[in-house]
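Heads up, the thing below is written out as C-alpha coordinates.
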Amino acid sequence: MTVVFLCVFLVFRPVVCGGGGGGEISGRQELDALLQDYAFRALVRPRTGTVYDGSPPADLAGIQVSALRLRSGSLWRRGFSDYKEFRIPVNVEVHPYVERLVFVYQNLGNWSSLYYNLSGYTMLSPILGLLAYNGSNISSEGLQNLRIRASGSPISVSFAGLPSVFDRPSTRCAYFSLNGSVEFSVVVNASTCLTDNQGHFSIVVSESSPVVPPRPSTRPPRSGRGGDREGEWTLVGSLIGGVALVAASAVAISYLVACRKRKELRRMEAAAEVGVPLSMTSVGSTRAPVALETRTRPLIENEFVP
Ligand SMILES: *[C@@H]1O[C@H](CO)[C@@H](O)[C@H](O)[C@H]1NC(C)=O
Ligand SMILES: *[C@@H]1O[C@H](CO)[C@@H](O)[C@H](O)[C@H]1NC(C)=O
Ligand SMILES: *[C@@H]1O[C@H](CO)[C@@H](O)[C@H](O)[C@H]1NC(C)=O
Ligand SMILES: *[C@@H]1O[C@H](CO)[C@@H](O)[C@H](O)[C@H]1NC(C)=O
Ligand SMILES: *[C@@H]1O[C@H](CO)[C@@H](O)[C@H](O)[C@H]1NC(C)=O
Ligand SMILES: *[C@@H]1O[C@H](CO)[C@@H](O)[C@H](O)[C@H]1NC(C)=O
(Lines give C-alpha, C1' and ligand atoms only; values in the text may rest on other atoms or scores of the structure.)
(Ligands and ions follow the chains in the order given, each with its own letter.)
Protein backbone atom coordinates (compact mmCIF):
# COMPACT_ATOMS: atom_id res chain seq x y z
CA MET A 1 0.00 0.00 0.00
CA THR A 2 2.65 2.45 1.10
CA VAL A 3 4.83 1.48 -1.84
CA VAL A 4 2.09 2.12 -4.37
CA PHE A 5 1.29 5.40 -2.68
CA LEU A 6 4.94 6.45 -2.68
CA CYS A 7 5.43 5.58 -6.33
CA VAL A 8 2.40 7.54 -7.41
CA PHE A 9 3.32 10.42 -5.14
CA LEU A 10 6.93 10.53 -6.33
CA VAL A 11 5.88 10.41 -9.95
CA PHE A 12 3.44 13.28 -9.57
CA ARG A 13 5.12 15.44 -6.97
CA PRO A 14 7.83 17.01 -9.17
CA VAL A 15 5.22 17.91 -11.75
CA VAL A 16 2.77 19.58 -9.41
CA CYS A 17 5.21 21.14 -6.99
CA GLY A 18 7.46 22.79 -9.58
CA GLY A 19 11.20 22.28 -9.76
CA GLY A 20 12.08 23.13 -6.13
CA GLY A 21 15.47 24.80 -5.71
CA GLY A 22 15.84 26.03 -9.27
CA GLY A 23 12.58 27.94 -9.09
CA GLU A 24 13.65 29.49 -5.83
CA ILE A 25 16.87 30.89 -7.33
CA SER A 26 15.17 32.28 -10.41
CA GLY A 27 12.54 33.90 -8.17
CA ARG A 28 15.33 35.68 -6.31
CA GLN A 29 16.97 36.79 -9.54
CA GLU A 30 13.69 38.21 -10.78
CA LEU A 31 13.22 40.07 -7.51
CA ASP A 32 16.78 41.44 -7.72
CA ALA A 33 16.18 42.69 -11.25
CA LEU A 34 12.90 44.29 -10.25
CA LEU A 35 14.40 46.00 -7.20
CA GLN A 36 17.40 47.18 -9.24
CA ASP A 37 14.96 48.91 -11.53
CA TYR A 38 13.07 50.59 -8.66
CA ALA A 39 16.30 51.64 -6.96
CA PHE A 40 17.72 53.17 -10.18
CA ARG A 41 14.49 55.16 -10.65
CA ALA A 42 15.41 57.06 -7.50
CA LEU A 43 18.57 58.25 -9.26
CA VAL A 44 17.34 61.42 -10.92
CA ARG A 45 20.32 63.72 -11.53
CA PRO A 46 22.14 61.81 -8.80
CA ARG A 47 25.11 63.18 -6.93
CA THR A 48 27.83 60.66 -6.37
CA GLY A 49 28.14 59.57 -2.78
CA THR A 50 24.53 60.33 -1.87
CA VAL A 51 22.06 57.66 -0.80
CA TYR A 52 18.71 57.76 -2.62
CA ASP A 53 15.76 55.78 -1.32
CA GLY A 54 13.60 54.13 -3.96
CA SER A 55 9.91 53.36 -3.73
CA PRO A 56 8.95 49.81 -4.65
CA PRO A 57 5.41 49.31 -5.98
CA ALA A 58 2.46 48.74 -3.65
CA ASP A 59 2.44 45.01 -4.33
CA LEU A 60 5.93 44.80 -2.82
CA ALA A 61 5.04 46.89 0.24
CA GLY A 62 7.37 46.15 3.12
CA ILE A 63 10.54 46.08 0.99
CA GLN A 64 13.03 48.96 1.11
CA VAL A 65 15.50 49.74 -1.65
CA SER A 66 18.14 52.42 -2.06
CA ALA A 67 20.77 53.36 -4.59
CA LEU A 68 24.23 54.81 -4.09
CA ARG A 69 26.32 55.89 -7.06
CA LEU A 70 30.09 56.05 -6.71
CA ARG A 71 33.11 56.47 -8.91
CA SER A 72 35.17 53.30 -8.91
CA GLY A 73 38.30 55.25 -8.04
CA SER A 74 36.64 56.87 -5.07
CA LEU A 75 35.26 53.53 -3.87
CA TRP A 76 38.75 52.02 -3.99
CA ARG A 77 40.42 54.92 -2.17
CA ARG A 78 37.75 55.95 0.32
CA GLY A 79 35.16 53.21 0.62
CA PHE A 80 31.77 54.27 1.97
CA SER A 81 31.37 53.96 5.68
CA ASP A 82 27.66 54.45 6.21
CA TYR A 83 25.38 52.89 3.64
CA LYS A 84 22.39 51.84 5.74
CA GLU A 85 23.57 48.75 7.68
CA PHE A 86 26.56 48.26 5.39
CA ARG A 87 30.06 49.59 5.91
CA ILE A 88 32.14 49.43 2.74
CA PRO A 89 35.88 49.62 3.44
CA VAL A 90 38.67 50.85 1.20
CA ASN A 91 40.22 48.57 -1.42
CA VAL A 92 37.07 47.06 -2.88
CA GLU A 93 37.87 45.75 -6.37
CA VAL A 94 35.33 45.97 -9.17
CA HIS A 95 35.34 43.71 -12.26
CA PRO A 96 35.02 44.45 -15.08
CA TYR A 97 36.20 48.02 -14.76
CA VAL A 98 33.49 50.66 -14.87
CA GLU A 99 33.94 54.36 -14.33
CA ARG A 100 30.93 54.59 -12.03
CA LEU A 101 28.99 51.95 -10.22
CA VAL A 102 25.74 51.84 -8.28
CA PHE A 103 25.31 49.86 -5.08
CA VAL A 104 21.71 48.78 -4.69
CA TYR A 105 20.62 48.18 -1.12
CA GLN A 106 17.69 45.87 -0.29
CA ASN A 107 15.88 45.28 2.96
CA LEU A 108 13.34 42.57 2.22
CA GLY A 109 11.46 43.12 5.51
CA ASN A 110 8.47 40.82 5.88
CA TRP A 111 9.22 39.31 2.44
CA SER A 112 12.53 37.84 3.61
CA SER A 113 11.41 34.33 4.49
CA LEU A 114 9.30 34.13 1.36
CA TYR A 115 12.42 34.37 -0.80
CA TYR A 116 15.19 33.25 1.54
CA ASN A 117 13.93 30.60 3.99
CA LEU A 118 16.53 28.15 5.19
CA SER A 119 15.15 24.85 6.36
CA GLY A 120 16.41 24.02 9.83
CA TYR A 121 17.06 27.66 10.71
CA THR A 122 15.02 30.55 12.03
CA MET A 123 15.84 33.99 10.71
CA LEU A 124 16.34 36.56 13.42
CA SER A 125 16.71 39.48 11.03
CA PRO A 126 15.33 40.53 7.70
CA ILE A 127 17.38 39.79 4.59
CA LEU A 128 19.67 42.69 3.71
CA GLY A 129 21.16 42.84 0.23
CA LEU A 130 24.05 44.75 -1.33
CA LEU A 131 24.44 44.42 -5.09
CA ALA A 132 26.79 46.19 -7.50
CA TYR A 133 25.81 47.38 -10.99
CA ASN A 134 27.36 49.38 -13.77
CA GLY A 135 26.42 52.98 -12.96
CA SER A 136 27.70 54.66 -16.11
CA ASN A 137 24.26 54.84 -17.72
CA ILE A 138 21.51 54.91 -15.14
CA SER A 139 18.82 54.58 -17.84
CA SER A 140 20.07 51.24 -19.12
CA GLU A 141 17.95 48.19 -18.46
CA GLY A 142 18.57 44.53 -17.73
CA LEU A 143 21.92 45.17 -16.05
CA GLN A 144 24.09 42.28 -14.93
CA ASN A 145 25.83 42.40 -11.58
CA LEU A 146 29.43 43.48 -11.55
CA ARG A 147 31.82 41.34 -9.56
CA ILE A 148 33.27 42.92 -6.46
CA ARG A 149 35.73 41.78 -3.82
CA ALA A 150 36.90 43.45 -0.67
CA SER A 151 40.64 42.83 -0.94
CA GLY A 152 41.54 44.55 2.33
CA SER A 153 39.23 44.60 5.35
CA PRO A 154 35.84 42.98 4.90
CA ILE A 155 32.54 44.69 4.22
CA SER A 156 30.45 44.64 7.40
CA VAL A 157 26.68 44.40 7.89
CA SER A 158 25.36 45.46 11.30
CA PHE A 159 21.90 44.22 12.11
CA ALA A 160 19.96 46.48 14.44
CA GLY A 161 17.02 45.47 16.57
CA LEU A 162 17.70 41.75 16.83
CA PRO A 163 15.42 39.99 19.33
CA SER A 164 17.25 40.11 22.66
CA VAL A 165 16.10 36.75 24.01
CA PHE A 166 18.11 34.13 22.20
CA ASP A 167 21.26 32.25 22.78
CA ARG A 168 23.85 34.47 21.16
CA PRO A 169 26.62 31.86 20.76
CA SER A 170 24.36 29.74 18.58
CA THR A 171 23.55 32.51 16.09
CA ARG A 172 25.21 32.50 12.67
CA CYS A 173 25.53 34.83 9.74
CA ALA A 174 23.95 33.35 6.63
CA TYR A 175 25.34 34.59 3.34
CA PHE A 176 23.38 33.89 0.15
CA SER A 177 25.63 34.39 -2.85
CA LEU A 178 24.21 35.44 -6.20
CA ASN A 179 24.78 31.95 -7.63
CA GLY A 180 22.52 30.42 -4.99
CA SER A 181 25.08 29.01 -2.57
CA VAL A 182 24.67 29.59 1.16
CA GLU A 183 27.56 30.04 3.56
CA PHE A 184 27.58 30.44 7.32
CA SER A 185 30.01 32.47 9.39
CA VAL A 186 30.34 33.71 12.94
CA VAL A 187 28.53 36.80 14.17
CA VAL A 188 30.97 39.44 15.42
CA ASN A 189 30.16 42.13 17.96
CA ALA A 190 26.86 40.36 18.73
CA SER A 191 25.09 41.55 15.58
CA THR A 192 27.56 42.09 12.72
CA CYS A 193 28.37 39.92 9.72
CA LEU A 194 31.54 40.21 7.64
CA THR A 195 31.93 39.48 3.95
CA ASP A 196 34.22 40.14 1.02
CA ASN A 197 31.44 39.88 -1.54
CA GLN A 198 28.02 41.17 -2.59
CA GLY A 199 24.83 39.23 -1.97
CA HIS A 200 22.19 38.78 0.72
CA PHE A 201 22.69 38.46 4.46
CA SER A 202 20.77 37.50 7.56
CA ILE A 203 21.39 36.38 11.12
CA VAL A 204 19.96 32.94 11.78
CA VAL A 205 19.75 30.44 14.60
CA SER A 206 19.58 26.69 14.13
CA GLU A 207 16.21 25.23 15.07
CA SER A 208 17.98 22.31 16.72
CA SER A 209 19.99 24.66 18.90
CA PRO A 210 19.15 23.68 22.50
CA VAL A 211 18.92 27.12 24.05
CA VAL A 212 16.37 28.79 21.79
CA PRO A 213 13.62 30.15 24.05
CA PRO A 214 9.96 29.34 23.37
CA ARG A 215 9.62 31.04 20.05
CA PRO A 216 6.80 33.60 20.17
CA SER A 217 5.78 32.65 16.63
CA THR A 218 8.52 34.79 15.10
CA ARG A 219 8.40 32.47 12.14
CA PRO A 220 5.72 33.79 9.83
CA PRO A 221 3.21 31.12 8.90
CA ARG A 222 4.12 29.36 5.70
CA SER A 223 2.26 30.90 2.86
CA GLY A 224 -1.26 29.61 3.47
CA ARG A 225 -2.04 29.00 -0.16
CA GLY A 226 1.12 26.98 -0.76
CA GLY A 227 0.42 24.83 2.30
CA ASP A 228 -3.18 24.17 1.29
CA ARG A 229 -2.15 23.27 -2.20
CA GLU A 230 0.36 20.79 -0.86
CA GLY A 231 -2.43 19.30 1.30
CA GLU A 232 -4.70 19.04 -1.70
CA TRP A 233 -2.05 17.35 -3.77
CA THR A 234 -1.34 14.89 -0.97
CA LEU A 235 -5.06 14.06 -1.05
CA VAL A 236 -5.01 13.66 -4.82
CA GLY A 237 -1.90 11.51 -4.41
CA SER A 238 -3.67 9.19 -1.97
CA LEU A 239 -6.74 8.98 -4.22
CA ILE A 240 -4.63 8.04 -7.23
CA GLY A 241 -2.70 5.61 -5.04
CA GLY A 242 -5.98 4.04 -3.92
CA VAL A 243 -7.24 3.67 -7.49
CA ALA A 244 -3.90 2.14 -8.54
CA LEU A 245 -4.12 -0.29 -5.63
CA VAL A 246 -7.66 -1.36 -6.56
CA ALA A 247 -6.62 -1.80 -10.20
CA ALA A 248 -3.58 -3.88 -9.18
CA SER A 249 -5.76 -6.06 -6.94
CA ALA A 250 -8.27 -6.56 -9.76
CA VAL A 251 -5.54 -7.68 -12.14
CA ALA A 252 -4.11 -10.05 -9.54
CA ILE A 253 -7.53 -11.57 -8.74
CA SER A 254 -8.47 -12.07 -12.38
CA TYR A 255 -5.10 -13.74 -12.94
CA LEU A 256 -5.74 -16.14 -10.06
CA VAL A 257 -9.24 -16.90 -11.37
CA ALA A 258 -7.81 -17.59 -14.83
CA CYS A 259 -5.23 -19.95 -13.35
CA ARG A 260 -7.88 -21.91 -11.50
CA LYS A 261 -10.02 -22.16 -14.60
CA ARG A 262 -7.10 -23.47 -16.62
CA LYS A 263 -6.38 -26.08 -13.93
CA GLU A 264 -10.03 -27.14 -13.94
CA LEU A 265 -9.96 -27.60 -17.73
CA ARG A 266 -6.81 -29.68 -17.52
CA ARG A 267 -8.49 -31.87 -14.88
CA MET A 268 -11.49 -32.39 -17.19
CA GLU A 269 -9.18 -33.22 -20.13
CA ALA A 270 -7.48 -35.83 -17.96
CA ALA A 271 -10.89 -37.24 -16.96
CA ALA A 272 -11.91 -37.41 -20.65
CA GLU A 273 -8.98 -39.68 -21.41
CA VAL A 274 -9.94 -42.29 -18.82
CA GLY A 275 -13.74 -42.05 -18.69
CA VAL A 276 -16.53 -41.31 -21.15
CA PRO A 277 -14.89 -39.90 -24.25
CA LEU A 278 -15.80 -36.26 -24.54
CA SER A 279 -14.99 -34.68 -27.86
CA MET A 280 -12.50 -31.84 -27.69
CA THR A 281 -12.75 -28.49 -29.27
CA SER A 282 -10.60 -25.45 -29.30
CA VAL A 283 -11.68 -22.37 -27.47
CA GLY A 284 -9.09 -19.73 -27.82
CA SER A 285 -5.71 -21.24 -27.25
CA THR A 286 -7.13 -23.80 -24.87
CA ARG A 287 -8.55 -27.18 -25.73
CA ALA A 288 -11.82 -27.78 -23.95
CA PRO A 289 -13.91 -30.89 -23.60
CA VAL A 290 -17.32 -30.70 -25.24
CA ALA A 291 -20.23 -33.07 -24.57
CA LEU A 292 -22.08 -33.87 -27.76
CA GLU A 293 -25.40 -32.03 -28.12
CA THR A 294 -26.35 -32.37 -24.52
CA ARG A 295 -24.40 -29.49 -23.18
CA THR A 296 -23.72 -25.97 -24.35
CA ARG A 297 -20.22 -25.45 -25.62
CA PRO A 298 -17.97 -24.01 -22.97
CA LEU A 299 -17.29 -20.38 -23.51
CA ILE A 300 -14.59 -18.83 -21.46
CA GLU A 301 -15.74 -15.38 -20.70
CA ASN A 302 -12.45 -13.59 -20.32
CA GLU A 303 -9.21 -12.84 -22.16
CA PHE A 304 -8.97 -16.36 -23.60
CA VAL A 305 -11.66 -15.51 -26.14
CA PRO A 306 -9.86 -14.72 -29.42
C1 LIG B 1 4.34 43.07 4.29
O2 LIG B 1 3.73 44.12 5.01
C3 LIG B 1 2.97 45.01 4.21
C4 LIG B 1 2.41 46.10 5.11
O5 LIG B 1 3.47 46.73 5.78
C6 LIG B 1 1.85 44.28 3.53
O7 LIG B 1 1.12 45.16 2.69
C8 LIG B 1 2.43 43.16 2.70
O9 LIG B 1 1.40 42.38 2.14
C10 LIG B 1 3.30 42.26 3.56
N11 LIG B 1 3.94 41.27 2.70
C12 LIG B 1 4.00 39.98 3.02
C13 LIG B 1 4.67 39.11 2.04
O14 LIG B 1 3.54 39.55 4.03
C1 LIG C 1 11.18 27.42 1.44
O2 LIG C 1 9.81 27.29 1.64
C3 LIG C 1 9.15 26.60 0.60
C4 LIG C 1 7.67 26.61 0.87
O5 LIG C 1 7.36 27.21 2.06
C6 LIG C 1 9.71 25.19 0.49
O7 LIG C 1 9.10 24.54 -0.61
C8 LIG C 1 11.20 25.26 0.25
O9 LIG C 1 11.74 23.98 0.24
C10 LIG C 1 11.85 26.08 1.34
N11 LIG C 1 13.27 26.24 1.03
C12 LIG C 1 14.21 26.03 1.93
C13 LIG C 1 15.61 26.25 1.47
O14 LIG C 1 13.94 25.68 3.06
C1 LIG D 1 28.84 50.26 -18.50
O2 LIG D 1 27.88 51.08 -19.11
C3 LIG D 1 28.40 51.94 -20.12
C4 LIG D 1 27.28 52.84 -20.61
O5 LIG D 1 26.14 52.08 -20.92
C6 LIG D 1 28.99 51.09 -21.26
O7 LIG D 1 29.54 51.92 -22.23
C8 LIG D 1 30.05 50.17 -20.67
O9 LIG D 1 30.53 49.29 -21.67
C10 LIG D 1 29.50 49.36 -19.52
N11 LIG D 1 30.56 48.62 -18.91
C12 LIG D 1 30.47 47.32 -18.63
C13 LIG D 1 31.66 46.67 -18.04
O14 LIG D 1 29.44 46.70 -18.83
C1 LIG E 1 21.64 54.71 -21.81
O2 LIG E 1 20.72 53.64 -21.96
C3 LIG E 1 19.52 54.02 -22.60
C4 LIG E 1 18.60 52.84 -22.54
O5 LIG E 1 19.26 51.65 -22.90
C6 LIG E 1 19.84 54.46 -24.03
O7 LIG E 1 18.64 54.87 -24.66
C8 LIG E 1 20.79 55.66 -23.98
O9 LIG E 1 21.20 56.00 -25.26
C10 LIG E 1 22.04 55.27 -23.16
N11 LIG E 1 22.87 56.47 -22.98
C12 LIG E 1 24.19 56.44 -23.15
C13 LIG E 1 24.88 57.73 -22.91
O14 LIG E 1 24.78 55.43 -23.48
C1 LIG F 1 29.09 30.64 -5.73
O2 LIG F 1 29.57 31.79 -5.10
C3 LIG F 1 30.36 31.53 -3.94
C4 LIG F 1 30.71 32.85 -3.31
O5 LIG F 1 30.96 33.83 -4.27
C6 LIG F 1 31.59 30.72 -4.34
O7 LIG F 1 32.35 30.43 -3.19
C8 LIG F 1 31.12 29.43 -4.99
O9 LIG F 1 32.25 28.71 -5.46
C10 LIG F 1 30.22 29.72 -6.15
N11 LIG F 1 29.67 28.47 -6.64
C12 LIG F 1 29.49 28.24 -7.92
C13 LIG F 1 28.90 26.91 -8.27
O14 LIG F 1 29.75 29.07 -8.78
C1 LIG G 1 32.99 45.95 17.13
O2 LIG G 1 32.67 46.96 18.09
C3 LIG G 1 33.74 47.84 18.40
C4 LIG G 1 33.27 48.79 19.47
O5 LIG G 1 32.01 49.28 19.17
C6 LIG G 1 34.19 48.57 17.15
O7 LIG G 1 35.28 49.42 17.44
C8 LIG G 1 34.59 47.57 16.10
O9 LIG G 1 34.89 48.23 14.89
C10 LIG G 1 33.47 46.59 15.84
N11 LIG G 1 33.91 45.59 14.93
C12 LIG G 1 33.29 45.33 13.79
C13 LIG G 1 33.91 44.26 12.96
O14 LIG G 1 32.27 45.92 13.45
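Note that ligands are numbered from 1 as they come in the structure, with each ligand's atoms numbered from 1 the same way.
Taking each heavy atom of Tyr133 and Gln144 in turn, the nearest pair found is CD2-O, 3.6 Å. Between Ser72 and Tyr97, the shortest heavy-atom contact is CB-CE1, 4.2 Å. Closest non-hydrogen pair, Glu207 versus Tyr121, comes out as OE2-O, 3.4 Å.
Contact check for Val102 versus Leu143: no side-chain heavy atoms found under the 4.5 Å cut-off.
Classification of Arg41 and Asp37 as a salt-bridged pair holds, one side-chain N sitting under 4.0 Å from a carboxylate O.
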Please tabulate, line by line, the atom pairs linking an N/O of ligand 1 to a protein N/O at a distance below 3.5 Å, with the distance in Å to 0.1, or answer 'none'.
residue: ligand 1; atom: 2 (O); partner: Asn110; partner atom: ND2; Å: 2.2
residue: ligand 1; atom: 11 (N); partner: Asn110; partner atom: ND2; Å: 3.2

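In terms of polar-atom proximity, defined here as any N/O pair under 3.5 Å, Glu141 makes no such contact with ligand 4.
Apart from Leu194 itself, the hydrophobic cluster it occupies contains Val186, Val188, where clustering links Ile, Leu, Val, Met, Phe, Trp and Tyr at side-chain heavy-atom distances under 4.5 Å.
Below 4.0 Å from some heavy atom of Ser140 lie the following atoms of ligand 4, by number and element: 2 (O), 5 (O).
Residues Phe80 and Val90 fall into different hydrophobic clusters, defined by Ile, Leu, Val, Met, Phe, Trp and Tyr side chains chained together at heavy-atom separations under 4.5 Å.
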